[in-house]
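Notes to accompany the following structure.
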There are 4 protein chains.
Amino acid sequence: MVVAPKARAYELGTSRYERIVDAAAELFRAKGYEGTSITEIAEAAGLTKGSLYHYIHTKEDLLYAIVEEAHHSTAALGEQLVVSRADAVDKLRMAVERHLRGTEKNLTKIRVFYREFSGLPHERFAEIIARRDTYERAIRDLVRQGQDEGTFAAHLDTRLTAASILATLNSVQAWFRPDGELSMTEVIDGFTDLLLRSVGVETRPERLESRAR
Amino acid sequence: MVVAPKARAYELGTSRYERIVDAAAELFRAKGYEGTSITEIAEAAGLTKGSLYHYIHTKEDLLYAIVEEAHHSTAALGEQLVVSRADAVDKLRMAVERHLRGTEKNLTKIRVFYREFSGLPHERFAEIIARRDTYERAIRDLVRQGQDEGTFAAHLDTRLTAASILATLNSVQAWFRPDGELSMTEVIDGFTDLLLRSVGVETRPERLESRAR
Amino acid sequence: MVVAPKARAYELGTSRYERIVDAAAELFRAKGYEGTSITEIAEAAGLTKGSLYHYIHTKEDLLYAIVEEAHHSTAALGEQLVVSRADAVDKLRMAVERHLRGTEKNLTKIRVFYREFSGLPHERFAEIIARRDTYERAIRDLVRQGQDEGTFAAHLDTRLTAASILATLNSVQAWFRPDGELSMTEVIDGFTDLLLRSVGVETRPERLESRAR
Amino acid sequence: MVVAPKARAYELGTSRYERIVDAAAELFRAKGYEGTSITEIAEAAGLTKGSLYHYIHTKEDLLYAIVEEAHHSTAALGEQLVVSRADAVDKLRMAVERHLRGTEKNLTKIRVFYREFSGLPHERFAEIIARRDTYERAIRDLVRQGQDEGTFAAHLDTRLTAASILATLNSVQAWFRPDGELSMTEVIDGFTDLLLRSVGVETRPERLESRAR
DNA sequence: CATGAATGAGGGTTCATTCAT
DNA sequence: CATGAATGAACCCTCATTCAT
């Protein structure tokens, strides 16, 4: 029933509402949705439990808001791939780059999403699945385009290939740390290299002799 | 504290205890650990709530039992890779085959594991992470071995490469359906092909012209 | 409803039933009646929970049996005081001696009694109170007898005096340890001395100058 | 862990929190701690079970609060005896008076204390024992002082004498009734008389002939 | 807007007791 | 006699949500 956050919440820059959502995201990531109590969220956001309900209708609203924000970027990416005129190789490069930059930007919320999305109520869950399918289809189309253009191996099964690409990209949220040893740029370069080669595109020939692992 | 299931449970073929664990696994997969009540598990297993406690000490025990079973096969795989004398290409084939056959065999429990493992208490969680690290290291060693043998591209970063391989293999539990369009054999073949090529091994040259997607 | 232990239980020397009651007494003393589970009692007596019920009808039966044994000696003592022809001073000596020897002999069960008797169901509780009142009346009569004989101070309130005597005697179960520094003989001597003097009987005149504390 | 009642509870005169503690004390006295359910306490205090938990963290907290209040007065008494300059006879008079006035004032809570203190968790129990030991030592010192001053019989064992005094004083909670035949003043006078004489102090000589039982 | 109080449904767990084998 | 299995009632506690002030 209650879907949208209350009106006024969107208006201010870093509004109280955003502070609440961010606090909830951090807690949900660390302790899970069910493992986090409304009281904890209120405390983390600097209000009391009662006051919190001036900004939300339901605990689930918070989860929805987080999931929504987590998907904003990815959702757009699928559409861009479809309308783009680039060749498949460039599209794949673009997909890796944008997908992982999105991951970098919304890391916490995306991690919450991966942790909790299977617990979402049916309607929400279906919505998510639908978006994911759209995105996956865009990747499949990309593979087929590459095969048509002759740059991707012709024998590839598009479903498996898309699954492999998405699995690799989606896995990053689980282990990437902003202050870790690997920068996101390195991840993007490395994965682009691996994924292109996996579909049969010769890449980085110049480095093949010169560089070590 | 209480970790082991009560003794007698293990003895019979498909004992009552196993029925309970299976029922719990199915429910946890569908509704999540927190979303499943002890009463539901008891009903699904054909007992009353009180009777259930003859077989378990705690709801968490059930989750542990499931997670444990989910990991039995994978844990062994890592060690086998380390001691094997095969070359890196064969090892990678073996890893894909065994990993995914394990996924096929314990599908429900592995799905529960992926859904719930981030909510495990610290000690358990650390244990899981340790096992995963061991496995990941085995894969990294495999990649390095391939580079040493000259069959894998020398420029690969072993961490990213291992991450990509594992991401691909681990993703299967999320979408594979025993009665789906793709058989596990097809998945194994397709992923072996993609992963070998991603690390720079020329594969299936004969099919490159002949077969379509 | 169920009051008596099952018939056969009484027959053997140190029967299984007695072992059970003793085990229960020790546990009740240490953990309380409510804090002790039937399973623990069964284990301590070397049977399983199910088997235990061949010897008892109810957990409460065990408590009753313990309380009963705890009172056997004291109950008799009251009657003996009433029928005795001794003078009040000797009667008081006798009461202290017998009461505390009874405490020494049934220490564990008496401690259980003092710990749990206020939780007994009404009927049982009333029974206990009745016995206690009888005993107390015997002590009051003793005091009055002493006053009539001219050996006890005439101004004493018999109720308060009896209360004080009983309080002193009943307190021993709480702190006496068979392996402690004080032997029961020393306790008996010390309390006899104190109580006699409290009622106005000159005692131990010979030691008054010679001995230190 | 959680020991203190929630903050606001202390502020008002007869606050809701106090009403709850009083209700719990009355129930614990009548039915025992284990025998009283949280629901009953809530009902007796005029709230629902859920609301009760705004004021307490745990059922045990209620018991602690009661035990604490029960000990406030007695704890102080021990210290006063130690620092007092009075002679032993006056100190004993003071001890009886103050101890029993404390009993009178906190009768219900003290009765709960005596009924339940053996079931307290170790840490709490040890705390109580420590306080009791301190108090007992103060009484022993009082006896020794009396012996040094020459007013108490020299041969008394201080441990037994203190035990007897405390047993007498502590027994009052078990049978004293505010609306009973004996007033607390009478109890105090009677016990003072008995206890003084028990330690060898001649008392009430004038009444010896004049008054009857 | 803010909040402390109140609620009620539900959850996991314990345990004395019964009973078929 | 012995026992493992089963039961069901009760218990303590948590928590999202509502509401009067």
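Residue numbers start from 1 in every chain, and the chains themselves are labelled A, B, ... in the order their sequence lines are given, proteins ahead of strands.
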Practice task
Can you spot which of I66(B), V67(B), L62(B), D61(B) makes a side chain to side chain contact (heavy atoms under 4.5 Å, CB included) with Y64(B)?
Solution key: D61(B)
Residue list, side chain to side chain contact (heavy atoms under 4.5 Å, CB included) with [X], at least two apart or on another chain:
X	value
A42(C)	L52(C)
T36(C)	L27(C), F28(C), K31(C), E40(C), I41(C)
E34(B)	E34(A)
Y114(A)	I110(A), N170(A), Q173(A)

Under-4.0 Å side-chain N/O to phosphate OP1/OP2 contact, [X] with [N]:
X	N	result
Y53(D)	dA6(E)	no
Y55(B)	dG4(F)	no
R16(D)	dA6(E)	yes

Problem - Side chain of K59(C) - closest among dT13(E), dT17(E), dA6(F) - result: dT17(E)
Practice task
On DNA chain F, check which nucleotide each of L52(B) and S51(D) is closest to and give me the residue with the more 5' one.
Solution key: L52(B)
Completion exercise
Where DNA chain E forms runs of at least three Watson-Crick or G-U pairs (i with j, i+1 with j-1, under 3.5 Å), the stems are E:2-21 with F:2-21
Handout entry: Residues in contact with DNA chain F, drawn from residues 33-49 of chain A - heavy-atom cutoff 4.0 Å
Key = T36(A), S37(A), I38(A), K49(A)
Exercise for the section: Please tell me which of G50(D) and G50(B) maps to the more 5' nucleotide of DNA chain E, matching each residue to the nucleotide holding its nearest heavy atom. Expected result: G50(D)
Completion exercise
Sorted by chain and number, sequence neighbours left out, salt bridge (Lys or Arg N to Asp or Glu O under 4.0 Å) with E69(C) holds for K109(C)
Completion exercise
Taken in chain and number order and not counting sequence neighbours, the residues that satisfy salt bridge (Lys or Arg N to Asp or Glu O under 4.0 Å) with R29(A) are E26(A)
Problem - L62(A) CG to dA16(F) P, straight-line distance once rounded to whole Å - result: 11 Å
Handout entry: Pairing residues for F117(B) by the ring pair (Phe, Tyr, Trp, His ring centres under 6.0 Å) criterion, not counting sequence neighbours
Key = F113(B), F125(B)
